[in-house]
Amino acid sequence: MSERSLCVVTGTRADYGHLSCLMRAIQNDPELRLQVVATGMHLSPEFGMTVDGIIEDGFEVSARVEMLLSSDTAVGIGKSIGLGVIGFAEVFDRLQPDVTILLGDRFEMLAAAMAATAARIPIAHLHGGETTEGAMDEAFRHAITKMSHVHFVAAEAYQCRVRQMGEGPSRIFNFGAPGLDLLKTMERPTRADLEARLGLSLGERNFLVTYHPETLNREGPEKAIQALFEALDVFPDARIIFTKPNCDEGGRKIIELIDAFVEARQERAVAHVSLGSYYYFGVMNEVDAVIGNSSSGLIEAPVFEKPTVNIGDRQKGRLRAGSVVDCDETKASIEAAIRQVLSVDFQMKLKGVKSPYYQGGASEKILAVLKSFDLQNIKKTFYDLPSR
């Protein structure tokens with residue numbers, strides 16, 4: 001078999017964290033050639049220029065697709081998608097990959113999927129079939145599924161859902177989340193190293209907070225984020241580490257409000273655009289609770305046996321471990337949920353909790369499929385479920 005080129009597209013610190021283990025496996029396989037395309041927030045100084053972290057990890061960036069406008073309005077996001085389609089069309093024409101690997105549901109991935117489909121390049125999609133009912137990403141994820149040729153889902157329920165969408169069973173593989181393999185083996189920073197990186201001394205109680213906008217909520221994020229701030233202030237002894245949101249519609253307003261909150265509480269709160277996987281998961285390993293509406297609270301936090309307070313509807317529909325407590329976007333509900341996860345009884349329940357997304361060895365299993373998959377057959381037949 002001739003060497004196959006696998007093109008991995010990454011647009012955010014989050015998807016890179018899920019993809020890096022798979023990227024390393026591709027890089028180390030003599031029968032495969034890794035191509036990395038960086039786009040979106042990776043290329044934005046405003047969001048930490050995280051492409052530098054990819055390079056520092058030893059990966060060569062084959063191409064960069066500049067598509068992110070300095071706007072988080074609906075018009076700005078729509079125009080960014082259009083720019084992305086143009087950029088990916090040019091990059092795919094130059095790189096000529098055998099397979100394009102896309103993860104998740106963000107608009108950057110939608111743009112890449114559209115360009116790959118037009119170029120007749122097979123798409124391998126990771127984390128399909130999941131639901132995030134509070135975000136427009138829900139529609140993007142399922143659209144990418146229908147443009148993809150092979151699917152690597154993270155749980156049996158998602159395997160069933162992708163099949164419901166008309167994808168044939170022979171194209172769907174349930175290997176779990178590849179990003180979790182890394183968490184089982186990666187080194188973790190010491191507490192002193194963490195404090196130096198954060199610029200904050202950790203206390204007896206610490207919270208890791210990430211709140212993204214619910215992009216299907218027409219009211220905007222201000223009311224919800226203020227409710228979160230009020231709930232956090234009920235715990236004045238807690239150290240608070242914010243990681244700032246993505247460039248979704250309304251994200252910059254949340255960043256502005258977080259900065260103001262931290263400015264008034266510098267002795268116990270910090271905010272970072274990006275900590276990188278090493279320090280982010282190092283912080284997660286140290287804190288008493290993960291708070292917000294990030295998928296990491298549902299997917300990664302259970303691996304560390306850490307409780308999650310999941311706020312609002314952004315992650316509604318996702319599988320969750322017993323370590324997750326859902327709450328409304330009100331001060332009273334958030335406060336009650338935080339008190340619940342800090343309680344002695346709840347802490348006892350965390351021992352042995354498992355992420356529903358972890359199986360182990362996902363990257364190696366994905367590569368075995370991609371090395372043998374028939375790349376010539378890009379025609380798909382709609383798979384009809386048996387009638388009842």
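Because the structure is a prediction, the values reported are computed rather than measured. For this chain, numbers begin at 1 and follow the sequence in order.
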Is it the case that T243 and T210 place a side-chain donor and acceptor less than 3.5 Å from each other? yes
Is F107 close to L68 at the side-chain level, that is, under 4.5 Å between some pair of heavy atoms? yes
How about N174 and Q359: does a side-chain donor come under 3.5 Å of a side-chain acceptor? yes
Parallel, tilted or perpendicular: rings of F229 and F261 (30°, 60°): parallel
Suppose we screen for side-chain contact (heavy atoms from CB on, under 4.5 Å). Which residues come up paired with Q340, at least two apart in sequence or across chains? V325, F346
So, taking the atom named CE in M186 and the one named CZ in F281, what distance separates them when rounded to the nearest 0.5 Å? 7.0 Å
Sequence neighbours left out, what pairs pass salt bridge (charged side-chain N to carboxylate O under 4.0 Å, His left out) with at least one residue falling in residues 270-287? R191-E286
Quick check: is L19 connected to I299 through a chain of hydrophobic side chains (ILVMFWY, heavy atoms under 4.5 Å apart)? no
Are M49 and Y279 connected in a single hydrophobic cluster, I mean Ile/Leu/Val/Met/Phe/Trp/Tyr linked by side-chain heavy atoms less than 4.5 Å apart? no
Residues 335-355 vs salt bridge (charged side-chain N to carboxylate O under 4.0 Å, His left out), sequence neighbours excluded, gives K331-E335, E335-R339
Can you confirm whether E156 is buried at CD, in the sense that more than 12 heavy atoms of other residues, nucleotides or ligands lie under 6.0 Å from that atom? no
Where the side chain of H125 meets the backbone of G104, is there a donor-acceptor pair that is under 3.5 Å apart? yes
Is it the case that Q164 and R161 place a side-chain donor and acceptor less than 3.5 Å from each other? no
Ignoring hydrogens and angles, state whether a donor on the side chain of H151 or T145 is under 3.5 Å from an acceptor on the partner side chain. no
